[in-house]
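Working notes for the structure below.
Not measured: the values here are computed from a predicted model. Reminder, nothing fancy here: chain letters follow the sequence lines and each chain counts from 1.
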Protein chains: 2
Amino acid sequence: MSLRLPAPARREQILDVSVQVFAHRGFHSTSMNDVAEAAGVTKPVLYQHFDSKQDLYMALLEEAGARLRNAVHKAVSEATTGKQQTEFGYKAYFRWVAQDHDAFLLLFGSRANRDEESTIAIRRITAEAAHAIAPLIAADIEGEHQEMLAHGLVGLAEGVSRHLVEKGVQFDPEVLGQQIADLAWAGLRAVHRNG
Amino acid sequence: MSLRLPAPARREQILDVSVQVFAHRGFHSTSMNDVAEAAGVTKPVLYQHFDSKQDLYMALLEEAGARLRNAVHKAVSEATTGKQQTEFGYKAYFRWVAQDHDAFLLLFGSRANRDEESTIAIRRITAEAAHAIAPLIAADIEGEHQEMLAHGLVGLAEGVSRHLVEKGVQFDPEVLGQQIADLAWAGLRAVHRNG
DNA sequence: ATAACGGGTGACCGAACAGTAACGGGCCGT
DNA sequence: ACGGCCCGTTACTGTTCGGTCACCCGTTAT
């Protein structure tokens, strides 16, 4: 049934549809039949494009993670001072969240169910984000400690975003990014002085 | 087999054991047989104490959430100034994390798999924590905005803790709490001035 | 016309696993 | 000594779901 599509287009469509389904219902609560139905096809079609449920899921995580990474990386690289890097970074992050709701929920939403493999993937994405932030933290704080604070700052953005997205609140990523960047920057300087 | 226990003791033991196994392997990756085996008992015994797997899991979440709530609430109520409340609150939070590793992972770890019901429970716990923090934020910021920043500050603690716990790093909750409280407090004042 | 190809389907398999029914055996009070 | 009580076990059922097999049909090329 349902409109024959050329293979690459079908593959794209499956990715689009399944990111929505997985984001809202979680990995384990979503069966391959659910995905297939949402895509308007039957199960075997999915297996023509992906080796397994896990494989499909990992492809989604990978794509979403890459988009996040690129957005933040590009934004940060356009800044000069540390303070500006913080601003640009957070703004890019919230811009990503705002325009890619489902990807955010998939990676960081409350429903994000995780087995061994996807846990590692998501930890890697978080760790990369933190690692990108770490240099912004005063150099006189030692490495492991820097890394720790960086994870905190990532969690800060995550907490805010999860609240807003799951509550369905609209927001301006520029304004929000500015505020959270201010918070982070001022906060870091305080830790620096006392640490 | 295996040493007959009076019902209440067995119930406690099951709770103790299952919080560990769920925390480390997640909800869906842990079968009731796994839990039973870890408790040195067989499956039907579990069902003498809990109606379902879901029921057992919810009991664990409830207990862990209550301990967290009480710890933070008590600590905050012993403080006088806002700044001190922030300090005491974060210190209590990290103290809880330090001495109740498994409970933290259960609620906030990467492996915390969640279906509809547990998602709601955990959101409620997070929201309560945020709600307790919200009043600390400058009163001239309006309500919804306060709530949002509060969720950010909760995420901050969560991000730091997850990093440390999952990496197996030891930490002093007093020192860490002081630092994160400094960060949060100084950060909030900055948002306040610019907001 | 017809063969070949590629996208799609219906029906099925096997394993994992939540939950249950029926039964066993030590320890108590009498 | 014995009957009931409580904690436990063995063995099973039913279902859900990931994954596959065999087949179908419209389109294009010869």
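Taking atom CG on B/Leu3 and atom P on D/dG8, their separation rounds to 9 Å, with Å as the unit. Between A/Leu5 atom CG and C/dG6 atom C1' there is a gap of 13 Å when expressed in whole angstrom units. Rounded to an integer number of Å, the gap from CG of B/Asp115 to P of D/dT16 is 16 Å. To the nearest angstrom, P of D/dG18 lies 13 Å from OH of A/Tyr57. For the pair A/His49 NE2 and C/dG7 P, the interatomic distance rounds to 7 Å; values are reported in whole Å. Rounded to whole Å, atom C1' of D/dG19 lies 13 Å from atom CG of A/Asp55.
The aromatic rings of A/Phe171 and A/Phe94 stand perpendicular to each other, their planes meeting at an angle above 60°, with 30° marking the opposite boundary. Between B/Phe104 and B/Phe108, the ring planes are tilted. Angles from 30° to 60° get that label.
The phosphate of D/dG8 has OP1 or OP2 within less than 4.0 Å of a side-chain N or O from B/Arg10.
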For nucleotides 15-22 of chain C, give me one character per nucleotide, 5' to 3': B if any protein heavy atom sits under 4.0 Å from the base, S if the only such contacts are to the sugar-phosphate, - if neither. ---BBBB-

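The base of C/dG7 is not paired with the side chain of A/Gln48 by any donor and acceptor separated by under 3.5 Å. Under 3.5 Å, the side chain of B/Arg4 and the base of D/dC6 form at least one donor-acceptor pair of N or O atoms.
Judged by distance alone, the side chain of A/Asn70 and the main-chain N or O of A/Ala66 form a donor-acceptor pair under 3.5 Å.
Taking each heavy atom of A/Val35 and A/Ser18 in turn, the nearest pair found is CG1-CB, 3.8 Å. The two residues A/Ala150 and A/Ile137 make their nearest non-hydrogen contact at N-CD1, 3.7 Å.
Of the listed nucleotides (C/dT9, C/dG8, D/dT10), C/dT9 has the atom at the smallest distance from the side chain of A/Thr42.
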side-chain contact (heavy atoms from CB on, under 4.5 Å) for A/Tyr90 and A/Val72? Distances and angles first, verdict last. CA-CA 8 Å; A/Tyr90 273 114; A/Val72 173; over 6 Å; no

